[in-house]
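Remarks on the structure that follows.
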Number of protein chains: 2
Amino acid sequence: MTELKYIAVRNFLKEQIQQGTFGVGDFLPSENELCRKFSITRTTARKALDELLKEGFIEKKHGKGSCVIERRKSLGLLTVKGFSEAVGKNVKTIFIQKPTLQKLNSSIITALKDEDKKSDYWFFERLRCVGETPVMIEKNWFSNISLPKFKDVSFIDNSFFKTLSQKYFIEIIGSSQELRAEFANKEVAKILQIEIHSPILHISVQFKTSVSNLTIYSELYCNTKKFPIGNNYYI
Amino acid sequence: MTELKYIAVRNFLKEQIQQGTFGVGDFLPSENELCRKFSITRTTARKALDELLKEGFIEKKHGKGSCVIERRKSLGLLTVKGFSEAVGKNVKTIFIQKPTLQKLNSSIITALKDEDKKSDYWFFERLRCVGETPVMIEKNWFSNISLPKFKDVSFIDNSFFKTLSQKYFIEIIGSSQELRAEFANKEVAKILQIEIHSPILHISVQFKTSVSNLTIYSELYCNTKKFPIGNNYYI
DNA sequence: TAGTGGTCTAGACCACGCC
DNA sequence: GCGTGGTCTAGACCACTAG
């Protein structure tokens, strides 16, 4: 099977953009130029450009051309992907508590499912920093289902979810969240290096996974002063 | 100026869907049927259907047809449909400022698009209460595109977005948000009936719409103490 | 005025789903 | 086999931007 024409043109242009041949603000070749260059009709050229439009690489300007724009990020922190992909590359992750099996301290997790109250729990806690600035404390719990050697695995790209996916073939298929603005308590303030009673964003998340009896609970405490939590969503 | 053909077909189908003539799971008329019915070519029929696809009303099934689907309601953090459906039925909405045309106070909206800096703006501000408790201040801006009689329309079910959809055929197709935990300032504290310097959740939202030059900007100030902001997401 | 993108026509062939 | 949507051609006219 040979590649569709509009896909080929789209990929060609996308590569050029990603390699910097066309930078932000530059105009791509016009539809008619693409027609000549690739021996296609305008319908096909337009379809290729429409793909780039839909994917957020360009915007079209009537009478001028197709302009490369700053690409929006995909699903942000608050949807499914986790922290590593959300904030960018300059992220440091420090384990405050490496993964251990614990008896559950049920006062911490408020919305615990009944069937999850019985067993032991994996727990780990991390501090996320942007540059040298601590921005988020992340506490995670999940029940003791079979994750062979979980204690000893190192996280792929510091991402728990990526590790679940690639090592255990477990996918996140949904989440539900509650968000609160709160005063930082003593412990949180100390770790985030902010004053006690500073406003912090507290996010409680339940992640639903492709394994039916595995729910992951996370409690996040964010200092949003320098780094607000972001989120993008497109249908 | 007469209406574009694909817009006319799109609106016709959208009305049928909103009125329930085509319910979830039903198939719309095929592309060839639309061609005959409206005396158009398949390109135009497809463009109309592609609009409905982009706006989340249908999905296309190769070899079968265009199927009406449950329109995705949750756009990232908050629901697209606005507050009314988000918190439940016991919601009261009070206009602090009815829709008016204003010169823009650009200090309020941080991430304003360049082309949006020129014109006048529609602005309105509302207070959302659960029972008798004020929980959210909602400020909205959008550029002065043609929304006939907007000043005088009453919102359908108190929902700005539902009104946009059903009266003007404008759909929300995406959003990008920033969340911050902040201290309540004097004005916000007074309206929300909380103490000054209480922690509040400040959400800045840009809504992308199906009208290319219409972006809606919202600034939300939430007292999350009794009513945390919630969100569900499923793939 | 020349070039650009936006809309639209009238065809064609193909791959998929279903009977 | 037939109808469906997916891709593609070869044109046309229009509205917008700019020199």
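Chain A is the first sequence line, chain B the second, and so forth, proteins listed ahead of strands; every chain is numbered from 1. Just so you know, these numbers use all the heavy atoms, side chains as well, and skip hydrogens, waters and symmetry mates. Because the structure is predicted, anything quoted here is derived from the model rather than measured.
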Next item on the list: Quick one: look up who D:dG19 pairs with, Watson-Crick or G-U, both distances under 3.5 Å, and put none if it's unpaired.
Entry: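 Per the H-bond distance test, none.
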Reckon [X] has a side-chain N or O less than 4.0 Å from the OP1 or OP2 of [N]?
X       : N      : result
A:Ser66 : C:dT4  : no
B:Lys64 : C:dC16 : no
B:Lys61 : D:dG5  : no
A:Tyr6  : D:dC8  : no

Item checked: Close side-chain approach of B:Val211 to B:Tyr168, heavy-atom, < 4.5 Å ->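 Side chain of B:Val211 against side chain of B:Tyr168, heavy atoms only: no contact under 4.5 Å found.
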Could you state the [atom1]-[atom2] distance from [X] to [N], rounded to the nearest angstrom?
X       : N      : atom1 : atom2 : answer
B:Glu31 : C:dG11 : CD    : P     : 17 Å
B:Arg46 : C:dT7  : CZ    : P     : 16 Å
B:Asn32 : D:dC2  : CG    : P     : 15 Å
B:Leu34 : C:dT9  : CG    : P     : 13 Å
B:His62 : D:dT4  : NE2   : P     : 12 Å
B:Asp50 : C:dT7  : CG    : C1'   : 14 Å
B:Phe27 : C:dC18 : CZ    : P     : 9 Å

Taking the minimum atom-to-atom distance to the side chain of [X], which one of [options] wins?
X       : options              : value
B:Thr41 : D:dC8, C:dT9, C:dG5  : C:dT9
A:Arg42 : C:dG6, C:dC8, C:dT4  : C:dG6
B:Lys5  : C:dT9, C:dC18, D:dT9 : C:dT9
B:Thr44 : C:dC8, C:dG6, C:dC16 : C:dC8
B:Leu4  : C:dT4, C:dT7, D:dT9  : C:dT7

Would [X] and [Y] pass as an ion pair if we require N to O under 4.0 Å?
X        : Y       : result
B:Lys60  : B:Asp50 : yes
A:Glu51  : A:Lys54 : yes
B:Glu171 : B:Lys14 : yes

Check: Is it the case that A:Arg126 and A:Thr93 place a side-chain donor and acceptor less than 3.5 Å from each other?
Finding: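 No.
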Next item on the list: Have a look at A:Ser30 and say if it touches a base, only the backbone sugar-phosphate, or nothing, with a 4.0 Å heavy-atom cut-off.
Entry: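 The answer is sugar-phosphate, as A:Ser30 gets under 4.0 Å only of primed atoms, P, OP1 or OP2.
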